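Each chain gets a letter, A, B and so on, in the order its sequence line appears, and its residues count up from 1. Everything numeric in this text was worked out from a predicted model, so none of it was measured.
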Amino acid sequence: MADKYERIMELAKRRGFIWPSAEIYGGVRGFIDFGPLGTVLKHNIEEKWRRFFIHRHSDFIVEIETPIIMPAKVFEASGHLKHFTDYIVECTSCHRKFRADHLVASSTDIVEVESLSIEDLNRIIKDREVRCPECGGILDEVKTFNLLFKTTIGPYSENVGYSRPEAAQGMFLAFKRVYESMRSKLPLGIAQIGRVMRNEISPRQGPIRLREFTIMEIELFFDPEQSSCPLFDNVKNISLSIIPEDKVRKGLLKPISITAKKAVEEGYIVNEWQAYFMVLGKIFMESLGIPSEMQIFIDKPREERAHYSAQTFDQVVKLERWGYVEVAGYSYRTDYDLSRHMKFSGVNLRVYRQLDKKILKEKVTVKPNMKILGPKFKSKVRELLTSLNYESLASELLSKGFVEVAGYKLSKDDFIISREKLEVGGIHFLPHVVEPSFGSDRVTYTVLEYAFHEKDGRIILKLPRDIAPIQVSVFPLVSKDGLPELATKIYRLLLEAGLRVEYDESGSIGRRYVRADEIGVPIAVTVDYDSLRDGSVTLRDRDTWRQVRIKISDLKERLLKYFEGSLCFEELGTPFKGR
RNA sequence: GCGGCGGUCGUCUAGCCUGGACUAGGACACAGGCCUUCCGAGUCUGUGACCCGGGUUCAAAUCCCGGCCGCCGCACCA
């Protein structure tokens with residue numbers, strides 16, 4: 001028997017949810033198409049995410065759209081050009097491959113491998129005689145894999161660009177604009193749903209590991225001095241299943257259940273915003289049909305975290321074939337990204353906070369004393385001054401009494417240092433960022449898997465009613481005697497009510513129920529001979545097969561309420577038993 | 001990327017070892033007709049496949065090579 005993944009993918013291909021891209025050319029690993037039903041399902045999930053994460057916070061979380069391609073500089077600043085690269089080294093005799101930096105760390109006393117270049121790694125491997133840990137063989141030259149997709153911007157252009165591996169950078173670059181257009185207030189959330197690309201070495205898990213996929217992200221900017229989340233009270237007593245970092249390290253993968261409040265108090269979760277989004281993420285996944293006991297939050301140990309992260313929880317859900325798979329990540333990115341972009345762009349990205357009362361502050365200004373420096377360095381002086389680090393100049397001069405620049409030692413006598421007492425009304429600082437980030441495609445597949453049920457050899461896709469791609473099927477009991485005409489009228493009526501409806505008169509009524517169940521249509525409307533006489537129709541519930549009778553005139557209003565969630569199936573009409 | 005196994009209608013499969021009557025067979029699905037009064041009914045008709053490229057051969061779904069894709073193991077998955 002094929003496993004659940006295969007049975008789901010069979011359905012997905014046959015009924016038009018998802019299939020491999022470029023199939024007629026044999027397909028390409030890591031790329032998938034969404035078919036007619038899959039596209040609607042995915043959009044519905046994304047729309048629900050918007051309601052959950054953006055709409056209910058519209059006073060401080062806003063959505064934007066930024067490009068997929070950005071110039072190289074952006075990814076230099078973000079650290080992706082450096083850190084999104086893996087150094088791989090292959091054993092020349094057994095042909096096993098290893099992460100060169102990991103290998104150097106484990107076979108030498110070198111701990112700080114992060115900053116090593118490819119040349120460094122090659123040299124260390126040669127000098128320290130690092131061998132293959134499996135067979136002792138000689139290692140080949142180190143090779144790099146950068147997972148960014150590279151391109152050029154403009155034809156015949158030398159202007160290198162990369163496609164983004166996360167939507168986040170666009171939000172950091174736009175931070176100043178959004179902050180100002182949102183009246184310069186914190187906390188501020190910037191959200192984005194969009195495509196990202198990662199040139200994965202060997203993606204193999206269908207819709208789970210893709211080279212191009214959709215991400216749903218929020219960068220929540222807050223004042224690190226005022227890190228409490230005003231909405232935290234609403235969620236503080238909700239429990240999360242988490243595996244803390246020290247347990248992950250020891251390989252103890254048994255989660256503990258802890259309330260959000262306690263998790264923050266006891267230091268498992270670094271701040272309230274992080275915890276708030278984690279709770280929201282849990283409830284979001286639950287609302288998509290993934291029970292909370294199938295969800296775990298795993299604290300990623302330092303060495304496995306991305307370069308920008310001070311804490312990352314992976315939200316994982318249990319899948320049949322692959323075990324626990326990450327559907328969302330919650331990262332505390334501190335001020336890493338803003339500080340990097342500030343440094344690389346030269347634009348001040350700090351925000352201002354007014355203090356309750358003015359404080360007296362000593363302001364130290366340092367100016368180069370050109371009367372001394374001019375004669376001393378003559379034509380070199382300009383170059384010297386531009387390469388000074390003005391950020392740390394004052395503190396260095398005051399503590400050490402000198403600074404070194406371009407091989408010259410400049411003493412504090414080369415500068416004019418003045419101190420003045422100032423009354424300041426506020427402080428400038430870089431906001432910190434907490435980032436919840438969902439993989440839309442993974443969530444969509446997960447939803448399919450949890451909705452997938454089989455009963456007597458028929459498939460029933462028990463999708464939550466608010467995300468089902470088709471909400472209502474309309475059938476004439478038989479396709480004659482005016483029944484199709486009335487059914488078509490009802491079909492039009494419901495379409496105009498804004499529902500996603502389908503009409504089907506082929507084959508027998510049972511066959512049509514089967515077809516509708518398979519794609520997860522929650523409600524079937526059947527028009528019969530009584531409908532012609534008394535204007536009533538049968539509604540049939542996908543999951544229970546229960547039926548109720550309802551007047552056509554009530555249909556639109558009650559179905560809308562049902563899909564809104566304010567009526568349950570039994571409340572739609574009076575119980576009915578077919579003949 | 002490496003190694004192993006595999007790839008035939010939408011799906012599942014027969015055929016491959018032993019090359020030729022394969023115009024590639026079946027079942028289910030799908031489309032149209034007839035029929036059909038609430039859960040895969042019946043019936044008639046129809047659409048529809050040898051992953052791609054090269055080689056061997058008089059002849060390739062079948063043998064050989066390469067590529068692509070899938071599965072498994074290794075590696076990778078900031």
Gap between atoms [atom1] and [atom2], on [X] and [N] respectively (whole Å):
| X | N | atom1 | atom2 | result |
| --- | --- | --- | --- | --- |
| A/Arg515 | B/rC38 | CZ | P | 17 Å |
| A/Glu6 | B/rU13 | CD | P | 10 Å |
| A/Glu23 | B/rG7 | CD | C1' | 13 Å |
| A/Ile459 | B/rC12 | CD1 | C1' | 13 Å |
| A/Leu139 | B/rA75 | CG | C1' | 14 Å |
| A/Ile460 | B/rG40 | CD1 | C1' | 12 Å |
| A/Lys13 | B/rC9 | NZ | P | 10 Å |
| A/Phe475 | B/rC38 | CZ | P | 15 Å |

Think [X] has a side-chain N or O under 4.0 angstrom from the OP1 or OP2 of [N]?
| X | N | value |
| --- | --- | --- |
| A/Arg458 | B/rC39 | no |
| A/Lys480 | B/rU36 | yes |
| A/Arg204 | B/rG1 | no |
| A/Arg511 | B/rC30 | yes |
| A/Ser508 | B/rA41 | yes |

Any idea which of [options] is nearest the [X] side chain?
| X | options | result |
| --- | --- | --- |
| A/Glu200 | B/rC39, B/rC77, B/rC71 | B/rC77 |
| A/Asp528 | B/rC38, B/rC69, B/rC71 | B/rC38 |
| A/Ile201 | B/rU36, B/rC76, B/rC69 | B/rC76 |
| A/Arg209 | B/rC38, B/rC69, B/rC77 | B/rC77 |
| A/Glu10 | B/rG70, B/rU11, B/rU36 | B/rU11 |
| A/Trp545 | B/rC39, B/rC69, B/rC38 | B/rC39 |
| A/Arg549 | B/rC38, B/rU37, B/rC39 | B/rC38 |
| A/Ser506 | B/rG70, B/rG10, B/rG32 | B/rG32 |

### Task
Please confirm whether A/His83 and A/Tyr308 have ring centers closer than 6.0 angstrom.
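No, ring centres 6.0 Å or more apart.
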
### Task
Confirm from the modelled atom types if A/Tyr25 and B/rC51 form a donor-acceptor pair under 3.5 Å, side chain to base only.
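Answer no: no donor N or O sits under 3.5 Å from an acceptor.
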
### Message
For a quick check, tell me whether the side chain of A/Thr538 and the base of B/rC38 share a donor-acceptor pair closer than 3.5 Å.
### Response
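For A/Thr538, whose side chain was compared with the base of B/rC38, there is a donor-acceptor pair (under 3.5 Å).
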
### Query
Between A/Asp120 and A/Arg123, does at least one N-O distance fall below 4.0 Å, as a salt bridge requires?
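Looking at A/Asp120 and A/Arg123, the cut-off is met.
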
### Residues A/Asp337 and A/Arg340 bridged, charged N to O under 4.0 Å
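Result for this pair is no, no salt bridge flagged.
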
When the [atom1] atoms of [N] and [M] are considered, how many whole Å apart are they?
| N | M | atom1 | answer |
| --- | --- | --- | --- |
| B/rC30 | B/rU11 | C1' | 11 Å |
| B/rA29 | B/rA49 | C1' | 15 Å |
| B/rA24 | B/rA61 | C1' | 8 Å |

Would you kindly say whether [X] and [Y] are connected by a side-chain donor-acceptor distance under 3.5 Å?
| X | Y | value |
| --- | --- | --- |
| A/Asp528 | A/Ser531 | yes |
| A/Asp481 | A/Tyr529 | yes |
| A/Ser473 | A/Arg515 | no |
| A/Thr526 | A/Tyr513 | yes |

### Query
Who is the Watson-Crick or G-U wobble partner of B/rC16, with both distances under 3.5 Å?
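Base partner found: none.
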
